[in-house]
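Sequential numbering from 1 along the given sequence is applied to the chain's residues.
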Amino acid sequence: MKSYEPSRHLITFHVAGFQHWDGATVLSKLSPGCQLDLVPEFDNPHDPEAIALYIDGVKIGYVPADKNGLISTLAFFGHTGVFECRVLQVAPEKDPWEQVRVGIYVVDAR
């Protein structure tokens, strides 16, 4: 009998604020499967739960505010290592706010 394994997938979303940051300058580096860094911004004046997304030190935007609560809470308590963020889709022909779709996954520590 095969045992049940829960999915590691947590959330999927388009990068918020992509058009306001430097995403366009690194769009050619973004491809399905590449990893992004999750960086909490607890001092962000617009959203104290803000989680910025970076690739190679370049900020490309944020986890949308309606999806960042759990990640921010765990990051506040030092658990940022339990997540990984990967690009799922890149669509340069779309409007900037729909060009990059990413997924956040819980790291399998078994």
Side-chain angles (χ1 to χ4, degrees):
M1 183 163 100
K2 194 173 187 178
S3 65
Y4 172 76
E5 288 189 30
S7 173
R8 296 180 344 155
H9 177 263
L10 188 62
I11 54 175
T12 299
F13 52 86
H14 287 97
V15 175
F18 189 79
Q19 69 275 24
H20 300 296
W21 294 96
D22 293 326
T25 66
V26 293
L27 194 58
S28 63
K29 290 184 178 184
L30 300 172
S31 62
C34 77
Q35 293 217 353
L36 301 176
D37 296 320
L38 297 165
V39 179
E41 291 186 353
F42 301 121
D43 60 348
N44 185 306
H46 303 289
D47 181 4
E49 293 188 323
I51 303 291
L53 301 170
Y54 284 79
I55 183 168
D56 297 334
V58 176
K59 185 192 288 190
I60 65 167
Y62 290 91
V63 174
D66 65 338
K67 300 188 184 300
N68 67 7
L70 173 64
I71 299 162
S72 179
T73 298
L74 290 171
F76 181 80
F77 289 103
H79 300 290
T80 53
V82 301
F83 300 112
E84 63 184 16
C85 184
R86 295 192 302 255
V87 173
L88 299 176
Q89 181 181 30
V90 179
E93 72 282 0
K94 299 229 180 200
D95 289 326
W97 50 90
E98 293 183 339
Q99 287 181 333
V100 181
R101 190 169 57 92
V102 303
I104 295 183
Y105 299 79
V106 176
V107 173
D108 189 348
R110 292 179 280 175

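Screening residues 26-40 for side-chain hydrogen bond (donor to acceptor under 3.5 Å, both in side chains), with sequence neighbours left out, gives Lys29-Asp56.
Taking CZ from Arg8 and CZ from Phe83, the interatomic distance works out to 12.5 Å, rounded to the nearest 0.5 Å. Once rounded to the nearest 0.5 Å, the distance linking OG1 of Thr12 with CG of Leu88 reads 5.5 Å. Atom CZ of residue Phe42 and atom CD1 of residue Ile51 lie 6.0 Å apart, to the nearest 0.5 angstrom. The line from CG of Asp66 to CD of Glu49 is 11.5 Å long, rounded to the nearest 0.5 Å. To the nearest 0.5 Å, atom OH of residue Tyr105 and atom CD of residue Glu84 are 8.0 Å apart. With rounding to the nearest 0.5 Å, the separation of CD1 in Ile60 from CD1 in Ile55 is 7.0 Å.
Contact annotation: the side chain of Val102 approaches that of Phe13 to within less than 4.5 Å [non-hydrogen atoms, C-beta and beyond]. Looking only at side-chain heavy atoms (C-beta outward), Leu38 and Thr80 stay at 4.5 Å or farther from each other. Put simply, the side chain of Phe18 reaches to within 4.5 Å of the side chain of Leu27, judged on heavy atoms. A 4.5 Å side-chain heavy-atom check between Gln89 and Lys94 finds every atom pair outside the cut-off. Between Pro92 and Val90, some side-chain heavy-atom pair lies under the 4.5 Å cut-off. Between Leu53 and Val100 there is no side-chain heavy-atom pair separated by less than 4.5 Å.
When atom types are taken as modelled, the side chain of His9 and the backbone of Ile11 share a donor-acceptor pair closer than 3.5 angstrom. Put simply, the side chain of Asp22 never gets that close to the backbone of Val58: no donor and acceptor are under 3.5 Å apart. Between the side chain of Asp95 and the backbone N or O of Glu98 there is no donor-acceptor pair closer than 3.5 Å.
Note on Trp97 and Val15: separate hydrophobic clusters, where clusters join Ile, Leu, Val, Met, Phe, Trp and Tyr whose side-chain heavy atoms are under 4.5 Å apart, directly or indirectly.
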request  = Evaluate the criterion side-chain contact (heavy atoms from CB on, under 4.5 Å) for residue pair Tyr62 and Asn44; output intermediate values, then yes/no.
outcome  = CA-CA 11 Å; Tyr62 290 91; Asn44 185 306; 3.5 Å; yes

